[in-house]
Amino acid sequence: MIQEIAPRRYDNAFASRREPVNTDAVLYFEGNQVLLREGDLISFPTVGEICEGSPERRGFLIYLFAIDETAYYLLPLEKMPELSGYQMAPVDRFRYGKPEWLGYAGITASQLYRWISDHKFCGKCGKPMRPSEEERAFCCDSCGSVVYPKISPAVIVAVTDGDRLLMSRYAGRPHGNYALIAGFTEIGETVEDTVRREVMEEVGLKVKNLRYYTSQPWSFSDSLLMGFYADLDGSPEITLDESELAEACWFSREKVPEPKGLFSLTGTMVDAFRKGQYPR
Ligand SMILES: [Zn+2]
């Protein structure tokens, strides 16, 4: 999956005072675009490149995390830095681009970028916020409000009926691939409640015997995905929520479509079902 970057090691320990060195990486975003080296491979500008001729930029850099010995910094400028050999590219490149571990670095940085850019001002009193020196948070000195990074819990559900798997396609994505039932946890729910509610809402089915599989940070939607297998409980008759789904149907194991990749939890769970290697 996208977060599996071994033997490289992701280190998210908070370190606001870590001094950038010239070989560290710099992330510059504008909405859903990111500054990348021209070419097919994912490659970020370095601190040395960004600060050459503009040494004052070093003072703007915000430490995000490290992978092995390299630190990753956000450059929170309003205007793209002039940098020969680099251009803005869609953040979606991180989904399929190579090398995968830099895709993971990029998408994780994009989640922090959205959180940082959304908290320049306090949502409670409207005064400017400042980054905390003790933890990964923004503080308001005026009213005392503290805001932590946005991570939304969500579930992915593989509904099974013996040797059959329920798969669906989202509405409004004509060429979309088959997926599993998915949805965000609502306030006041356990993740098990989310599983039962989402399955009922999207396809009108009851489930039982929920088995947790694994989780995945999915920064594309600021979420933390939790994967479950669940057995059909009762009738297999599907009642489609047409506002969300274009199609949902049962596939016998040998007819389950091969996932496009194993970078996502959905792909990994579908693959595990196809191979019969999932919790029963
Ligand atoms: Zn405030």
Side-chain angles (χ1 to χ4, degrees), residues 2-3 10-21 24-35 44-45 47 50-51 54-67 70-81 88 90-92 94 104-155 182-191 193-194 197-198 215-226:
I2 194 168
Q3 75 274 17
Y10 169 62
D11 176 7
N12 65 1
F14 181 71
S16 67
R17 292 188 189 87
R18 182 164 172 162
E19 281 296 321
V21 299
D24 284 338
V26 176
L27 280 295
Y28 172 78
F29 294 93
E30 279 178 18
N32 285 324
Q33 301 273 309
V34 59
L35 188 64
F44 303 113
V47 169
I50 286 284
C51 297
S54 308
E56 73 285 357
R57 283 180 183 160
R58 203 172 277 264
F60 295 128
L61 295 172
I62 300 173
Y63 175 73
L64 300 177
F65 53 80
I67 293 180
T70 304
Y72 290 73
Y73 288 88
L74 182 73
L75 181 66
L77 293 183
E78 300 287 326
K79 196 166 159 287
M80 181 181 142
M88 297 304 284
V91 165
D92 216 42
F94 297 143
Y104 168 70
I107 196 57
T108 306
S110 84
Q111 181 170 0
L112 285 161
Y113 155 73
R114 280 190 295 280
W115 172 66
I116 290 166
S117 17
D118 285 353
H119 292 91
K120 290 178 183 148
F121 297 96
C122 176
K124 198 166 165 188
C125 76
K127 297 276 167 45
M129 295 198 101
R130 64 166 175 86
S132 165
E133 287 169 11
E134 283 88 43
E135 55 185 349
R136 193 170 277 117
F138 276 95
C139 309
C140 175
D141 291 329
S142 177
C143 75
S145 185
V146 179
V147 180
Y148 295 95
K150 179 183 169 193
I151 306 171
S152 305
V155 299
F184 286 104
T185 298
E186 297 281 0
I187 300 234
E189 270 184 343
T190 64
V191 286
D193 289 338
T194 313
R197 178 181 53 75
E198 285 290 343
S215 65
Q216 174 175 50
W218 193 245
S219 296
F220 294 98
S221 55
D222 298 338
S223 46
L224 173 65
L225 307 178
M226 285 161 272

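Values below: every heavy atom of this structure, side chains too, minus hydrogens, waters and symmetry copies. One-based numbering, in listed order, for ligands and for the atoms of each. Heads up: numbering here begins at 1 and tracks the sequence.
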Quiz prompt | Audit row: Phe138, Trp115, ring-ring contact (aromatic ring centres under 6.0 Å, His included) steps and yes/no | solution = CA-CA 10 Å; Phe138 276 95; Trp115 172 66; 4.9 Å; yes
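- Side chains of Glu133 and Ser16: a donor-acceptor N/O pair is absent below 3.5 angstrom, by distance only.
- Ring geometry for Tyr72 versus Phe65: interplanar angle under 30°, hence parallel rather than tilted (30 to 60°).
- Under the rule for a salt bridge (charged side-chain N to carboxylate O under 4.0 Å, His left out), the partners of Lys120 that lie at least two apart in sequence or sit in another chain are Glu78.
- Ala66 and Arg18 get closest at one heavy-atom pair: CB-NH1, 3.7 Å.
- Excluding waters, the protein N/O/S atoms found under 2.8 Å from the Zn ion (ligand 1) are Cys122 SG, Cys125 SG, Cys140 SG, Cys143 SG.
- Within 6.0 Å of the CG atom in Asp92, the count of heavy atoms belonging to other residues, nucleotides or ligands exceeds 12.
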